[in-house]
Amino acid sequence: MDMARHLITSAIPYINGIKHLGNLVGSQLPADLFARYQRGRGHEVLFLCATDEHGTPAELAAAKAGKPVPEYCAEMHQVQARIAEGFGLSFDHFGRSSSPENHRLTQHFAAKLYENGLIREVSETQMYSRADGRFLPDRYIEGTCPNCGFESARGDQCDNCTKQLDPVDLINPHSTISGSTDLEMRETKHLYLCQSQMKDELEAWIDSKTDWPVLTTSIAKKWLNDGDGLQDRGITRDLDWGIPVKRGDKDWPGMEGKVFYVWFDAPIEYIACAQEWVNAGKGGDWARWWRTDAGAGDVTYTQFMGKDNVPFHTLSFPATILGSGEPWKLVDYIKSFNYLNYDGGQFSTSRGRGVFMDQALEILPADYWRWWLLSHAPESSDAEFTWENFQASVNKDLADVLGNFVSRVTKFCRSKFGEVVPEGGAWGAQEKSVIDELTTRIRAYEGHMEAMEVRKSAGELRAIWVAGNEYLQEAAPWATFKEDPARAAAQIRFALNLIPLYAALSAPFIPFTARTMLEAMTLDADWPGDIAQALERMPAGHGFAVPDNLFAKIADDSREDWQQRFAGTRD
RNA sequence: GGGCCUGUAGCUCAAUGGUUAGAGCAGGGCGCUCAUAACGCCUUGGUUGGGGGUUCGAAUCCCUCCGGGCCUACCA
């Protein structure tokens, strides 16, 4: 097989707090699924993610925690890194958008864009809060809606009547941070990225991507063509914490004290993260992944993200890369996801509603979550987490279909032949028939995984597990053992060999369990090419151990407890 | 307001305009006894949100109405 090279990035999670299961299934988890699959197929993979650390919310969260921003971010990065590890997210590097590498690279891109005439200065007025000592983004200002009278209307939009607002329109405006009404419109100068100049180029590029998910292209087209078309975008902010506005390593006259906007520097971190990966001693050459003049021409680059991130990845970031005039690698495929809702509503951090990543790992192993989330990934529309559905899927798919299969095979063998692959007999028509079915299904599974059809992949994998139980029922080694022990030995040898096969195929979904299965069989993972051959990996005499039950069922009591615990404070 | 997505079995979801709309779960029946009372086989269940249209043929394309969701450029 040709060795391909896959660059894979997950949308980088914001530093402000621990993410919920909806965030996880929208980017990091499917990205990990794809990365593990491509590695399993023997391809070269660079899988990158990072924390997105700049912006107003980070500064406010640090202030609330009573810590300097750099310290707060460093701590939260560690927290997120540990949780990611707990979920088995197999990043080659988990970087930080505040890294020195990203500072240099972001300033470099700004210089190139400036040289190419794609940056202009704009003088504008923005709401300034004297009490808070800072400019406030529109949504940090609340007041009474001039249209409907709603008293908690945000400066960008009224949550009650959904009309778009300008903060100056609000009646009795005040800061949501301090409550202060001491606000004024103050003049400030900012840099804008001239995306509008690149509209045609971007549109032609989007149009060429006919295989992208509708969700991705429809959002991109909307931004390209809505109203007056693609608008130039401010890429600087008046904040303390961020990447100082410079042209390369030179000062930018008139922009002292300002930083780049987080949505300018965050995607650049995808590249800087590869440099961090090298500087951390994990890799030798980042350019062969990112520079088409240094070998990245044969790289396939895939991005994973929730739908809210699509405009930045389809338009702003490509504009940055193309506008630089340098040979950077552009994304080849953007896989986007809808949202996961929680039990009839949205996940809510402020109301403590829904399950967050740290809590999930406290109550159940990562594979339980990975399986449910991936097999219900919100691909075609928003999806919904309910505890009943979660309980049913985990108990049926994992415990009954896969876990019990491994249990019944290994325990039967131990009681009749000992913990060693039995000798005798040969495969017949039944085994041939199973090999044919598995071959068909595994090739279909590979097709779905290549296409990043997550739910279809999960469905096919489950059918592959079911085939093992069907075989046992038909072969009935417990019956043949009485008449023809050699035949039973061949049957159980065949069934035992399904275990490492299943482990290899299942590893992208449930890596921890897959490892347990392989360790019990004392084998390494090996992606099956020829299935008949793959089922000869454990010959007669090969020792194994009966593993503990792979999955515990979720009891009704536990489910009800969790349902209560994570319901949050409703209204 | 505008745009996009979505509505299919009790539940979660499939189905390049082409046989009788399919899976899993749940429900019912039978079988098996190796296994975590697990597994296998069979089976009930549909006016594809409503109405109209195009077509030899519509879940699929068009119009309209109803419901759900998302986005709408200063949260990230």
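All values reported here derive from a predicted model rather than from experimental measurement.
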Looking only at atom [atom1], what distance separates [N] and [M], rounded to whole Å?
N      : M      : atom1 : answer
B/rC30 : B/rG22 : C1'   : 24 Å
B/rG46 : B/rC41 : C1'   : 24 Å
B/rC5  : B/rU19 : C1'   : 31 Å

Do we see A/F412 stacking on the base of B/rC34, given a limit of 5.5 Å between centres and 30° between planes?
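Aromatic stack with B/rC34 absent for A/F412.
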Which part of the nucleic acid does [X] contact within heavy-atom distance under 4.0 Å: base, sugar-phosphate only, or nothing?
X      : answer
A/T410 : nothing
A/F312 : base
A/I492 : nothing
A/Q346 : sugar-phosphate

- Message: When you measure from the centre of the six-membered ring of A/F337, is the NZ or CZ of A/K307 closer than 6.0 Å and no more than 45° off the axis?
- Response: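 No; the conditions do not both hold, so A/K307 does not lie above the ring face of A/F337.
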5' to 3', nucleotides 38-45 of chain B under a 4.0 Å protein heavy-atom cut-off (B base, S sugar-phosphate only, - none) gives SBSS----
- request: Could you tell me whether the phosphate oxygens of B/rC4, OP1 or OP2, come under 4.0 Å of any side-chain nitrogen or oxygen in A/T217?
  value: no
Does any pair with a residue in residues 462-485 of chain A pass salt bridge (charged side-chain N to carboxylate O under 4.0 Å, His left out), and if so which ones, sequence neighbours excluded?
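Applying salt bridge (charged side-chain N to carboxylate O under 4.0 Å, His left out) to every pair that reaches into residues 462-485 of chain A, excluding sequence neighbours, yields A/D397-A/R462.
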Note: contacts of residues 446-465 of chain A with RNA chain B (heavy atom, under 4.0 Å) are A/R455, A/K456, A/R462
Note: contacts of residues 381-393 of chain A with RNA chain B (heavy atom, under 4.0 Å) are A/D382, A/A383, A/N389
If one requires at least 3 consecutive Watson-Crick or G-U pairs with distances under 3.5 Å, the stems of RNA chain B turn out to be B:1-7 with B:66-72, B:10-13 with B:22-25, B:27-31 with B:39-43, B:49-53 with B:61-65
Can you list the residues that meet the ring-ring contact (aromatic ring centres under 6.0 Å, His included) rule with A/F544, with sequence neighbours excluded?
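Expected list: none.
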